[in-house]
Amino acid sequence: MSDTTSVNDLTEDQAQAELQRLALLISKANQAYHSADDPEISDAEYDSLKRRNLEIELRFPHLKLSDSPTLMVGAPAADGFQKIEHSLPMLSLGNAFDAEDVRDFDSSIHKYLGLKEGAALDYTAEPKIDGLSLSLRYEEGVLVHAATRGDGRVGEDVTANARTVKDIPERLKNAPDILEVRGEIYMSHADFEALNEAQANAQKKIFANPRNAAAGSLRQLDSNITASRPLRFFAYAWGQVSEPLATLQSAAIARLSDFGFSTNPLTKVCKTPDELIAHYQDIEAQRATLGYDIDGVVYKVNDLALQNRLGFRSTTPRWAIAHKFPAELAWTRLEAIDIQVGRTGALSPVARLLPVTVGGVVVSNATLHNEDYIAGLASNGDEIRNGKDIRIGDWVQVYRAGDVIPKVADVDLSKRPSDSEAFEFPKLCPECQSNAIREPGDAVRRCSGGLICPAQIVERLKHFVSRAAFDIDGLGSKQVEQFFEDGWVKDPADIFTLRDRFGSGLQQLQNREGWGEKSANKLFDAIDAKRSISLDRLIFALGIRHVGEGTASLLARHYGSWSAFETAVTNAVIDDPEDEAWSDLLAIDGVGRVMATSLVTAFQQPAERASIDRLVSLLDIKDITRPDAEGSPVAGKTVVFTGTLEKMTRAEAKARAEALGAKVSGSVSARTDLLVAGPGAGSKAKKATELGVETIDEDGWLALIESL
DNA sequence: GTGCCTCGAGTTCC
DNA sequence: CTCGAGGCAC
């Protein structure tokens, strides 16, 4: 067989003949696989046929057959990638930076599960690969799509590219009908260096580090380019599965390996935090010789049933943590301190640095947090605790917190210029000259200009179009800034009247570089598409201080419709416990006095209110339908827990109830539907009886939710 | 009142 | 990603 001949040594005639032979073999294998139970060739053979085919096509592009098997992977989308919603979100991990954090992680798990301190609990520990995470979906053993993490909920469809990665099998044997495998795409040091050398020889872009090279390679629109890049994949987790893979994390990983995936050989089961830390040190010692980048060690509770009980916080699982290696440090000179103004008016100092390489990336800006941080007064957890202030001209130590955000960590006083002066933090907003006021007890100084401050307006607009808010295709922060400067958009509502404003001529827009009639209309269509918006997104988009994504969704779920929400916050009387609207707002678990005041103030302040009303008149707001009441007996009900819970902790009970669509409140009122009372329940149980609220015990509660 | 826990706001670089 | 601060349990 000519299979063994290096592609580089093939003559054109040989290549052509082999391409035809491969096309036939692959097509036969496809048919056999899809129609018969008995494939004629092994998965590994099948994969190697496809890869060989691809390699030859890359070497001899003009010989590519019109019905080439590589074309079956689907042509790349014309612009960018299709979006894919993950069936289960791809979450990030919490971090531990030292042994103490690891012990805290262990004890918080014991606490959450109601286990005694020191009770036996196994963990897995594995290196955290520094690459990009990828989710692979297999249906009936066949790879159907591959998606990047994206924002965790929606990723990009990189299926065609993933198919070119050697470590990613096209088909799996004996896999569940539905199996989503998750893992990390990465590039080895050797491959990275070879790639950069080839890039340099071809006068092409040099990559800063293996991670960037891997990311750049996976996100190629032309999968032939991806195929030429030496990407690898480690599987370490899973998403949706039609049947459980195992009862232990370690066993599930072993199954992924059986399916044909590479799993990391340094994965180990540990019985105590001390063992975890020992394994961490072991891995750290091997770090330089592994041949690929890692940035820490990941610990996971081994028992999957316990993982399930522990569940998730808003963005991270409770049952896993990443123990990070110490960050790389670098010294450089602080050239200037600039002040930025955020959407809430916060004045944030940013360090302009003499560019320096930190952890494989050139850094020229770094955050300085706030006034006190520069003065060397940082209160808690900050690096500058030694009373050193930070001055322009100083030599400062920089690191990338969490390997991302550059921070100034220390100052070298011995190199301080003798004529340097302490930095004076501005007391006026640099953008609008309004007074910048620092409330007592507050760490940040804020511009008091409100909507007269151009910086605040622009930042609010950027927030409005951001991903978690209106997320309008083609209207990002750059465009918003431009439209604001042009005077076209000063208020969120202006976005929705843009089309009318320009009429069909679009003259002004077209005069701008990069905008033609087609792209302008595309933008207007994208804007129109978002006229219909869900209540939670709208509330978040308003950008009311203290009301973020989480609170917005809480409010939307509580009120259900815009009119109910708007009526409540319009009528509420701040700090009046007699007022029904106010007390109803405060009764929402997660909303306190500060948030409620901020909300009500915004709706009762005339200018702000006018802006909201104008916006709302241009929109179609979708009510929130409560999680379907069919499946869950407690959906939409307000539940209160009291007394000692014996089979679960309070936090766990709350999280479970919320997952089932219930609202968990802290206090009993006429609105309470159900009180779950453990032993020792006192005043709440009494009040429930008085109000005629149904009361059950813990077992009753468990029986209720088990009946699903 | 104090001590968690979680969320909100602001941050960089590609 | 981190810090500060709000909310809530104790």
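Per chain, numbering begins at 1; letters A, B, ... match sequence-line order.
A side-chain N or O of N161(A) and one of T226(A) form a donor-acceptor pair less than 3.5 Å apart. A donor and an acceptor atom, one from each side chain of H323(A) and Y299(A), are located under 3.5 Å apart.
Residue K407(A) has a polar side-chain atom (N or O) positioned under 4.0 Å from OP1 or OP2 of dC3(C). Distances shown here put every side-chain N or O of N209(A) at or beyond 4.0 Å from the OP1 or OP2 atom of dC14(B). Put simply, N365(A) has no side-chain N or O that comes within less than 4.0 Å of OP1 or OP2 on dT11(B). Contact annotation: R318(A) reaches the phosphate of dT6(B) (side-chain N/O to OP1 or OP2, under 4.0 Å). Considering only side-chain N and O atoms, S348(A) lies under 4.0 angstrom from the phosphate OP1 or OP2 of dT11(B). Regarding contacts with the backbone of dA9(B), a side-chain N or O of R343(A) is found under 4.0 angstrom from either OP1 or OP2. One finds no side-chain N or O of T367(A) lying less than 4.0 angstrom from the OP1 or OP2 phosphate oxygen of dT2(C). Side-chain N/O atoms of T551(A) include one lying less than 4.0 angstrom from OP1 or OP2 on dG8(B).
Put simply, CG on N370(A) is 9 Å from C1' on dC3(C), counting in whole angstrom units. Distance CD (E439(A)) to P (dA9(B)): 16 Å, rounded to an integer number of Å. One interatomic measurement links the two molecules: CZ of R400(A) to C1' of dC13(B), which rounds to 7 Å at whole-angstrom precision. Distance I539(A) CD1 to dG8(B) P: 12 Å, rounded to the nearest Å. One can place CG of D338(A) at 17 Å from P of dG10(B), the figure rounded to the nearest angstrom. The separation between R593(A) atom CZ and dC8(C) atom P is 13 Å, rounded to whole Å.
Comparing dC1(C), dC13(B), dC3(C) by their closest approach to the side chain of V363(A) singles out dC13(B). Of the candidates dC14(B), dG4(C), dG10(B), dC14(B) carries the atom nearest the V361(A) side chain, counting heavy atoms from C-beta on. Nearest to the side chain of R545(A), among dC1(C), dG6(C), dA9(B), sits dA9(B). Closest approach to the Q340(A) side chain among dC13(B), dT11(B), dA9(B) is made by dT11(B) (side chain taken as heavy atoms from C-beta onward).
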Legend entry - Intermediate values then yes/no, side-chain hydrogen bond (donor to acceptor under 3.5 Å, both in side chains), S107(A) and D104(A): CA-CA 5 Å; S107(A) 53; D104(A) 285 349; 4.5 Å; no
Legend entry - Test ring-ring contact (aromatic ring centres under 6.0 Å, His included) applied to F565(A) and H558(A), step by step: CA-CA 8 Å; F565(A) 169 67; H558(A) 181 84; 9.9 Å; no
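Along DNA chain B, the nucleotide nearest to V362(A) and the one nearest to T344(A) differ in position, and the one closer to the 5' end is contacted by T344(A).
Across all strands, V350(A) comes closer than 4.0 Å only to sugar-phosphate atoms, never to a base (heavy-atom distances).
D575(A) and R593(A) are joined by a salt bridge, as a carboxylate oxygen and a charged side-chain nitrogen come within less than 4.0 angstrom of each other.
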